[in-house]
Every structure is written in C-alpha cells, then in structure tokens.
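Everything quoted here is computed from the prediction, not taken from an experiment.
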Amino acid sequence: LVVCVHLSLCRWGDKLVLVASQNVRYHSLIGYEGNPEIKLSDHSYCILERLGRARWQGELQRDLHTCVFKIDAGKLHYLRKSLDKNGLITLQSHVVRLPSGGQQVSILLLLKRFHVDRRSKYDILMETTSNILSQMPNKTCIMLKLRDQLHICDRTFKRMYQYMLAAKLVTVLTLPLQELNPDAGPCKTKRGTNIRVRCLKLLRPYGHKEIDDDYDDNDEDGPVRRSTKGQARDIERDLLTQAYEIVVQTGPKGISQSALREQLNIGKLESRMVCRVLERNNMIKGFMEDEGRQRTTKYISKLYVEQSALNLQFAKERERSEKLRLPQLTTPIDGDVHPECTLPCPEDTPGPEDLLHPKQDEDIPKDDSKELGEGQARGRMSKGRAAKKSKSMMKESPTRGSVSSPSHSTPLKRKKRGSEHHETYRLLKRKNMIIETVRNQKIIEGLYPLQRKLMEEEKQDGVNTKVCKKSIIRLTRSLAQDGYLKLFRTTVIQDGVSKKVEFVVHPSVTADDPLMKSAIEQIRFRISSSYTEEEKVSSLAQETDKGDSQSSAKSVQGKTEEKMGVEELKNFKPSIIPGLSRSLGFQPKMPRFRVVHTLLWYLIYGHPLNQSTPNESPSPTLTPESGVDDQFKVYVNELSWKRFIPPLPVHRDYGHGWALISDILISLPLSVYVQVIQINYKVDGLEDFLNDPVKQHYLVKFLPSSLKTQLLHRRKYFFSFCESLQKLCFMGLLHFGPTEKFMDKDQVFIFLKTRATIVDTTVCEPHYNLAIETRPFDRRRYTFSTPQDLENYWFDLLCVCLNTPLGNEPTYEDREGEEPDVAVGTVRHERLQYTLNGSRDVIDDGVTPGDRQGAGGLDSSFFSHLKRNWIWTTHVLNKPKKVIHLFICLSRSLSPSHTHTHTKVVLVCAGVCACTCACVCACRACVCGGKIQIFYENHFIYLFIY
C-alpha cells in the first residue's frame with residue numbers, strides 16, 4: 001500500500017507511527033562509501049547517532065562529555081577516536097567564547113556527509129594575507145599597504161600578523177622605502193637618512209592545521225616525533241634481555257619508552273609492560289625529562305644512574321628544595337652597626353585604626369583533586385577549582401577593597417602522593433625559584449613578575465619554550481596548598497575605578513601587614529596616574545547600572561590589567577611651558593637632594609610619633625563626611641611641610657633606620673613634591689593649592705582626583721624620586737636594601753645613614769674638575785642626630801663646593817671625563833654603580849664612595865663645584881649685571897689671619913635672595929653668577945657683587 005503523506009494523515013491522524021529501515025538508518029550514518037561490516041561499540045554508535053541528529057550544525061566534543069553523555073573527557077576521546085580512524089566523522093578546531101569573556105578551544109565533530117568548514121575571522125584573514133604575500137615580489141609587502149588591501153583596522157591587523165608570527169608563517173622586516181617602492185615619494189628624511197618601513201615577508205604558505213589525533217599514543221612522550229630505525233629482533237632470545245641490552249647501550253643518556261618500542265618492533269602496551277618489569281626488578285630506573293612542553297620518561301640502566309646528568313641535576317635541585325623549605329627565622333635587621341651613634345630613640349605610641357579592618361577569616365579547604373603534571377594535564381587542570389575554592393575575605397569600606405587569605409602561615413605536612421614521582425628537574429627548579437623569589441621579596445603583585453623571572457632564567461639555561469601563565473597558576477596554587485606561600489586577592493577602588501589585584505606573598509605576611517598596605521597604596525597611586533576623568537565617570541556609570549561590584553570590575557578589567565604598572569592617559573596631553581617648574585618651586589640638583597635628604601631623615605628618625613615595634617602602625621583617621629580641613633590628622637602643629645605627614649610603618653624584617661620606598665612616596669606633601677619633581681606643564685588648580693598656607697602641605701595622595709591625575713601623569717614622579725635616592729647613595733648618605741631581578745623599585749628598602757664627611761677642597765690647586773690633594777685637606781665629620789646637623793652639613797657643603805677653585809678651561813684629557821648635560825644612551829657615574837647593589841649589611845662610617853676628587857670630597861662626576869648645580873643661573877645671563885653694595889655686620893671681629901672663617905650671609909643679587917658663605921680669605925664666586933670682592937673694616941665686611 002502506497003499512499004501520500006496527506007492521505008495518510010487524513011486517514012489515521014495521530015495514530016500513524018513511522019518506523020525507519022535499520023539498513024537505511026545505518027547507511028545514512030556510515031555513508032555509502034563506508035564499510036558496512038564495521039563493528040562499533042555501543043557508546044561509539046550513540047555518538048555517531050548524536051552527530052547524525054545534529055546534521056550540519058555538528059556537536060562540540062566539550063558538550064558531549066559534559067552535558068550529553070556525562071563521561072570523562074579521556075574516555076570520550078577514545079570513543080571518538082575509533083570513529084575518526086574509520087573515516088566516519090570529520091574534526092575541526094572551534095573557538096568558543098565563554099561567558100566570562102575568555103576563549104576556549106574545542107573540537108567540532110560532524111558526519112562526513114554533513115561536513116561544513118567553520119572558519120574564524122582570523123583564519124580567513126591569515127589565508128588571504130598568505131595569498132597576497134605569495135604574489136608580491138620576494139614575498140614581501142609593506143604593512144600599511146597590506147592593511148589597506150585587507151580593509152581592516154589596526155587592532156585586527158596587529159593581532160592577525162601576531163598569530164602568523166607565532167605560527168612562523170611570516171617574519172617582520174625593516175627595509176628602506178627606496179628599495180621597495182622608489183616612486184613612493186620622498187625616500188629621505190630631513191637629516192638625509194633613508195626612510196625605513198616595516199614589512200611582512202612570507203616564510204611558508206598558509207595551510208589548514210590538521211587536528212593531531214595521535215598525540216595520546218605516547219602518553220609520556222606527547223607529540224615529540226622521532227625517526228628511530230627498528231632493529232632486527234632475535235626471536236629465540238628473551239624479549240626482556242634484548243630490551244635491557246638496548247637500555248645499557250644508551251648509557252647515561254637513557255632511552256624513552258617510544259624509542260625502545262620502535263627498536264624492538266613491539267606495541268605500546270607490550271613496551272610498557274617490558275619497562276615496568278625491568279624497573280620492578282631494579283635493573284633500570286626512570287627519570288622524567290622535559291622536552292618542549294611535554295615530559296618524557298627516560299629509562300637508564302642501574303649501571304649508569306650515578307653518572308647520569310638527569311640524576312645529578314635532579315639530586316642537586318632536590319637538595320636546594322629541602323633547604324628552601326626549611327622554616328625560616330625572621331628577625332629584624334638593624335642597619336646601624338655602630339652602637340656608639342646617638343640617634344633619636346623612637347617611642348612606642350598607640351596608633352589609630354589600620355587601613356584594613358578584618359571581619360572574618362575562613363580557612364581555605366584543601367583541593368582534593370590530584371596534582372597533574374605539566375605534560376599530563378593537557379588543559380584538564382582544575383576546571384572547577386577556582387569555583388570550589390572558598391574566599392576568605394577581609395572586608396572593609398568600599399574605598400579600601402578586600403583581601404582574601406588562607407589562615408595558616410606555616411608549611412602544611414601532607415602525605416606523599418604518587419604524582420611526586422612524575423616531578424621533573426625543570427618543574428622542581430621552577431618551584432624553588434618561586435619559593436626563593438617570594439622569600440626575598442615578601443610581596444609580589446600579580447603572576448607576571450614570576451613568569452618573567454622564570455622565562456629569563458630558563459632562557460639562560462637554553463630552554464627554547466616559554467613558561468605559560470597556566471603553569472604559573474598551577475605552581476603557585478600547589479605551593480599555596482603546601483603552605484610555602486599565600487595568594488591574596490583584593491579589589492582596589494580608587495576615584496571610582498575598581499581594579500582586581502592578586503598578590504603572591506610570603507606565609508608570614510598577613511592581610512594587615514604594613515607591606516600589604518604599602519602595596520595597595522601604590523596601586524591607588526597608579527590608578528590615579530592612569531585614568532582620565534572620562535574613564536572614571538564611565539566606570540562609575542557602569543557600576544551604577546549593574547549594581548554589582550564584581551560586574552563593574554569585569555567591565556573595566558581590560559583597562560586595569562596592565563602588566564608593567566602604568567597605562568598612558570589617552571585624553572590628557574600636557575603642553576610644555578618653559579620655566580613653569582622653577583616658578584612652582586622646583587630646585588636645582590644639589591638643593592633638590594638636600595630637600596629629599598631632609599624629608600627622609602624626618603620620616604625615619606625625626607618624626608615625633610616614630611615607633612620601635614613593628615606591630616603598631618598609626619595612620620590618619622579619615623572622616624569623609626566632615627570638612628576638607630578635617631580630613632587630615634595634624635601630626636605637627638605648625639604651618640610647614642611636616643604638618644600632615646604620618647609616621648612610617650615599621651616592618652617586621654627591618655629594624656631602626658630602614659624604610660620602604662613606597663611608604664615614602666605616599667607620604668610626599670605637595671609643597672615638597674613641587675620642589676623635587678619637575679612639573680613643566682599646566683596643571684589646573686595647582687596654583688590655588690600652592691598659594692594657600694595650609695593646603696600647600698596636603699599629602700599628594702589626598703588631593704582631588706583631577707589634580708592628582710595630572711600631577712602623577714605617566715609616573716614621572718616615581719622615576720625622578722628614585723633618581724634622587726640614587727644620587728644620595730652616590731654621596732654616601734643612603735644605602736639600598738636587597739633587590740631581586742624584575743623587582744619593582746618601590747618595593748625596595750633603603751637605610752638612611754647617620755654619618756657623613758666633607759673634605760675642605762677650597763685650598764686645592766685650580767683644575768677643571770679634579771681637586772687634587774697636593775697638601776692634606778681638612779676633613780669634617782658629621783653625625784645626623786638633630787635637624788640642625790643636617791642644616792650644618794648641607795650649608796658647609798655649599799660653601800666648600802662653591803669656593804673650590806675648579807672650572808678652569810679643560811684640557812683634552814679633562815674633556816673625556818666631562819659630565820654631559822643630558823644623559824642619553826650613556827651611563828653616568830659609572831664608578832658609583834656598585835653602590836646600587838643592595839644588601840642588608842650596612843657600613844655607616846661616613847666614608848664617601850667614588851674617587852673623592854670632586855668639590856667637597858664627592859665623586860668628580862658630580863661636578864658639585866658648578867653654580868648651576870646649586871642655583872638657577874639662566875636668568876642672570878639675560879639681565880645686565882648690577883653692582884650692589886652690602887654691609888654685613890659680623891658677630892665678632894675678623895682679620896685677614898682668619899683665613900677660613902665662615903659666616904652665613906644673605907645676599908640680594910639680581911632680585912634673588914640666596915644664602916651663601918663669605919670666605920674672608922680671597923675673591924670668590926657668588927652663588928648667583930657674579931663675583932664677590934671682600935674688604936675688612938672693623939666689624940664689617942664690604943661685598944661688591946658685579
């Protein structure tokens with residue numbers, strides 16, 4: 001009976017049941033060219049039917065094992081593998097965009113009869129680019145021209161050619177424009193040099209990347225391919241004996257299981273059994289070795305184990321690991337090694353509230369999942385680990401953020417697991433380097449510094465591959481579970497901008513540790529210097545619309561996750577105004593160092609609330625609801641730069657005299673900031689604060705957001721301040737603490753020395769820049785116990801330097817050591833670079849480093865005798881010289897016999913007040929550029945400045 005569908009529906013209606021032919025069904029799945037006698041397991045046939053149902057849409061392998069069949073990914077891989085080997089399905093790589101914004105690569109499965117190419121945008125662009133380059137002469141094309149032909153934006157083009165660079169399809173060249181296109185127009189610059197352009201050169205044509213199915217054939221070797229020729233087997237001899245002889249022949253280098261299998265011409269399972277039996281009988285021993293991104297087991301005969309490089313390297317690294325994992329006693333280091341020095345003794349004073357207010361502290365549960373090796377993980381690493389891990393949050397006010405931390409601070413004792421057998425030399429070395437770095441730095445912001453350090457070290461060892469971020473995450477989580485470090489996560493909110501930050505810290509560091517507070521404050525400074533007002537307003541708008549701080553953090557996550565710290569402002573483009581910085585109070589070189597030195601001494605030794613115990617760290621209590629003047633706690637009741645400066649926190653591992661650079665930076669008042677940092681561009685509202693007798697002393701971190709954003713533009717303040725610290729170190733007034741490679745400069749500790757020496761070089765022979773000691777110089781020693789001691793030191797240094805007869809016309813030899821005005825591409829003070837090598841050992845004996853042949857006993861590269869290094873002299877050159885007659889009354893009678901009697905004199909020259917020292921022995925140079933002629937008459941000195 002043959003009827004149409006319409007008649008059948010009219011006759012039977014819903015009672016009609018259609019049963020398909022099993023033969024037709026089977027042939028539609030395997031195809032007419034498929035083998036009808038093929039035998040499939042039930043699970044494989046179910047997968048085949050599922051793909052048939054999906055037709056042209058196909059199914060992702062990720063969805064099959066997670067949602068449909070709910071089986072292990074490895075098991076599904078083997079079920080799918082049988083279908084692929086028999087040619088029933090097709091595989092192609094497919095990128096899935098996750099809800100979190102990330103990307104996940106999976107495999108798209110389709111029946112052969114329904115196969116459709118699913119290609120990404122960049123896949124098509126890479127193929128098009130390859131076709132264009134293959135038609136170009138020498139397979140080379142200018143980047144700008146290539147981008148115009150593709151009709152894509154800069155961002156898409158950059159990502160596309162970066163993908164091609166990673167795949168080694170192209171290379172970037174810089175060639176002269178004249179060679180590529182002589183008719184392009186002017187090919188020379190104004191200086192006469194050739195205009196060079198960036199080009200792409202095709203190395204090999206683009207081809208579709210095939211899915212590698214056989215990478216699981218060798219679980220331990222991965223996709224490492226070898227071309228080992230099979231050897232003839234003696235059938236009459238024992239297989240184990242032949243295998244052992246092959247292992248012995250390889251010597252101390254060893255042989256992998258796959259290479260042994262190829263030589264014996266046996267299968268994978270049989271070779272595995274042979275290796276296990278030999279290892280069980282103590283005839284061979286297996287060592288894991290890294291080859292690229294995979295790990296291979298190398299089997300070595302017991303005869304050569306002691307000579308094996310794998311064994312020696314691993315034993316050496318294991319010994320280092322045991323030393324690093326021993327409990328470390330942390331005791332404060334007192335930098336002052338001379339007990340006879342009398343310093344202001346800090347007093348114990350109770351402090352106000354801490355920056356972070358802990359409310360709850362929950363333990364992080366251990367992860368029960370097994371530790372997977374780098375090669376065996378294959379992306380299966382803890383997909384739900386982050387969700388399972390509970391967050392113990394130290395909550396606080398919305399402007400302060402929150403910190404999560406595990407409660408334990410000592411290494412946990414756990415049972416040995418089987419996965420430790422698969423630990424390689426490289427994996428153990430990476431763990432040791434992370435533990436050592438965390439132990440030295442205490443706090444590391446983000447994972448990128450660790451990744452960069454590991455890449456640099458492995459590059460020196462000759463490793464071609466680079467450690468990825470997932471490996472760093474896996475290693476840090478493993479070490480955190482063992483108790484060798486802690487992972488803190490917090491969201492810092494500053495000026496309406498939220499930023500998620502992750503810290504890798506030492507187990508001894510707690511959430512309310514002063515180091516943690518300093519790191520968070522530095523992040524706030526970076527946020528203030530990295531965002532414009534428009535970006536902050538948009539961030540606040542997104543936070544208001546979503547009503548969830550986590551969603552807001554994700555919305556600005558792309559902007560705030562800068563690896564190296566500071567991102568350039570997009571809308572703020574300052575215009576340079578010559579002379580503006582001087583009008584705001586910017587000081588010359590030596591007075592600038594004097595201001596920094598005075599600030600450091602006050603913060604470290606002279607603050608009235610300095611403490612001697614590291615557990616208390618006071619900070620100003622903020623009340624945002626009150627007036628502007630009530631936002632800051634007054635520490636010194638005087639209208640000076642000391643008014644609002646809080647005491648520095650005392651850190652656990654460092655004693656009296658030490659300070660963290662980031663703590664100093666966040667304590668800078670505005671009146672000091674404009675003296676030591678050059679602000680040569682217009683800052684709206686800055687003059688209003690500087691003209692106010694109280695507001696000019698506000699701390700920079702408490703200034704309005706718009707003003708602070710412009711002041712901290714591109715973090716220029718940070719580099720200028722660090723340069724001043726280096727120069728103080730060159731003068732012997734400061735000592736740097738221990739530093740690590742790739743360590744942020746603001747996380748370095750400094751020790752302020754309390755002794756200094758000035759050499760009286762006023763009696764030296766005239767020279768260009770060297771004060772040669774033809775006769776013994778007088779040496780004056782200073783101990784900085786009071787602020788007046790600092791005043792005396794810098795005033796005497798000013799007098800000696802400006803009265804040293806240096807600056808004569810240089811000879812050819814002298815010009816070789818002349819200090820350049822601008823250090824471009826050169827290293828200044830080369831003789832003094834050794835002083836920047838930080839250490840905990842401090843020698844505070846007042847000795848000045850360098851050759852001590854400059855004015856005042858400083859290094860000759862300082863050129864401290866130059867007037868331009870003490871006072872601005874540019875304005876004097878543009879004005880006519882005036883003769884000024886000054887009468888200065890001395891406190892006692894002077895005579896020519898008092899050859900080096902000094903007195904403080906205030907000179908008014910060219911409208912500028914300057915403090916100098918009148919040396920009554922000869923005619924000396926004035927600090928303003930003129931000359932002083934001194935005469936004596938009773939108790940008066942006549943100074944003529946002309």
Side-chain angles (χ1 to χ4, degrees), residues 337-338 340-341 590 593-594 597 727-735 753-785 788-811 813-814 816-819 829-832 834-835 843-867 869-870 892 894-905 916-925 927 932 934 936:
V337 297
H338 297 279
E340 66 270 14
C341 175
M590 300 303 288
F593 301 159
R594 175 183 181 175
H597 188 210
K727 297 301 175 57
L728 290 177
C729 183
F730 295 159
M731 296 175 65
L733 302 175
L734 185 141
H735 176 80
K753 295 185 179 180
T754 58
R755 292 176 176 83
T757 303
I758 294 179
V759 179
D760 190 357
T761 55
T762 57
V763 296
C764 73
E765 296 297 328
H767 195 269
Y768 173 60
N769 69 324
L770 297 179
I772 302 175
E773 192 173 1
T774 55
R775 51 182 172 174
F777 291 158
D778 182 25
R779 285 170 171 79
R780 308 171 194 172
R781 305 190 181 276
Y782 298 83
T783 300
F784 305 132
S785 300
Q788 188 60 39
D789 295 336
L790 270 76
E791 286 287 332
N792 294 338
Y793 169 78
W794 283 100
F795 182 78
D796 293 346
L797 184 64
L798 166 80
C799 301
V800 171
C801 290
L802 293 183
N803 287 281
T804 299
L806 298 180
N808 293 343
E809 188 66 24
T811 61
E813 291 78 7
D814 296 334
E816 293 182 354
E818 184 178 358
E819 180 190 34
H829 310 287
E830 292 183 4
R831 288 187 298 269
L832 302 170
Y834 74 94
T835 60
I843 302 177
D844 190 4
D845 54 1
V847 176
T848 306
D851 58 6
R852 295 188 283 275
Q853 291 187 345
L858 300 178
D859 189 83
S860 58
S861 62
F862 260 87
F863 284 77
S864 54
H865 62 278
L866 296 178
K867 295 181 290 296
N869 289 331
W870 290 95
R892 57 187 174 85
L894 299 176
S895 65
S897 61
H898 298 147
T899 55
H900 292 289
T901 302
H902 298 271
T903 181
K904 293 184 179 180
V905 180
T916 186
C917 174
C919 187
V920 301
C921 60
C923 176
R924 297 302 179 195
V927 292
I932 305 174
I934 303 173
Y936 318 101

| After noting the C-alpha distance and the side-chain angles of M590 and L858, does the key distance pass the side chain to side chain contact (heavy atoms under 4.5 Å, CB included) rule? | CA-CA 12 Å; M590 300 303 288; L858 300 178; 4.1 Å; yes
Practice item. Show the numbers, then the answer: is there a side chain to side chain contact (heavy atoms under 4.5 Å, CB included) between K753 and L733? Key: CA-CA 5 Å; K753 295 185 179 180; L733 302 175; 5.6 Å; no
Checklist entry - For T762 and C799, what are the C-alpha separation, side-chain angles and deciding distance, and is it a side chain to side chain contact (heavy atoms under 4.5 Å, CB included)? => result CA-CA 9 Å; T762 57; C799 301; over 6 Å; no
- [ ] Quick one: do F593 and F730 satisfy side chain to side chain contact (heavy atoms under 4.5 Å, CB included)? Show the steps, please.
- [x] CA-CA 11 Å; F593 301 159; F730 295 159; over 6 Å; no
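With sequence neighbours excluded, the residues forming a side chain to side chain donor-acceptor pair (under 3.5 Å) with T757 are R781, listed by chain and number. In terms of the side chain to side chain donor-acceptor pair (under 3.5 Å) criterion, residue partners of T761 (sequence neighbours excluded) are, by chain and number, T804. Every residue was checked against the ring pair (Phe, Tyr, Trp, His ring centres under 6.0 Å) condition with H735, not counting sequence neighbours, and none meets it. For the salt bridge (Lys or Arg N to Asp or Glu O under 4.0 Å) test, residues two or more places apart in sequence or in another chain that qualify with E773 are R779. Every salt bridge (Lys or Arg N to Asp or Glu O under 4.0 Å) that D851 has, sequence neighbours left out, goes to R831. Y793 is linked by a ring pair (Phe, Tyr, Trp, His ring centres under 6.0 Å) to Y782, F784, counting only residues two or more places apart in sequence or in another chain.
Interatomic distance, D796 CG to E791 CD, rounded to the nearest 0.5 Å: 11.0 Å. Residue L734 holds its CG atom at 8.0 Å from NE2 of H597, rounded to the nearest 0.5 Å. The line from CG of N803 to CG of D760 is 9.0 Å long, rounded to the nearest 0.5 Å.
Summarising the geometry of P849 relative to C729, their closest heavy-atom pair is CG-O, 3.9 Å, with the distance given to 0.1 Å. A pairwise comparison of heavy atoms in C764 and A771 identifies SG-CB, 3.9 Å as the closest pair. Residues N869 and F863 come closest through the heavy atom pair ND2-O, 2.6 Å. Heavy-atom minimum distance, L770 versus S860: CD2-CB, 3.5 Å. Among all heavy-atom pairs drawn from D859 and S861, the shortest one is OD2-OG, 2.5 Å.
A 4.5 Å side-chain heavy-atom check between E765 and I772 finds every atom pair outside the cut-off. By the 4.5 Å heavy-atom criterion applied to side chains, V800 and R780 are counted as neighbours. Looking at R852 and V759, their side chains never come closer than 4.5 Å, going by heavy atoms from C-beta outward. L797 is listed as a side-chain neighbour of M731, based on a closest heavy-atom distance under 4.5 Å.
Although no hydrogens or angles enter the test, the distance criterion places a donor-acceptor pair under 3.5 Å between the side chain of W870 and the main chain of S864.
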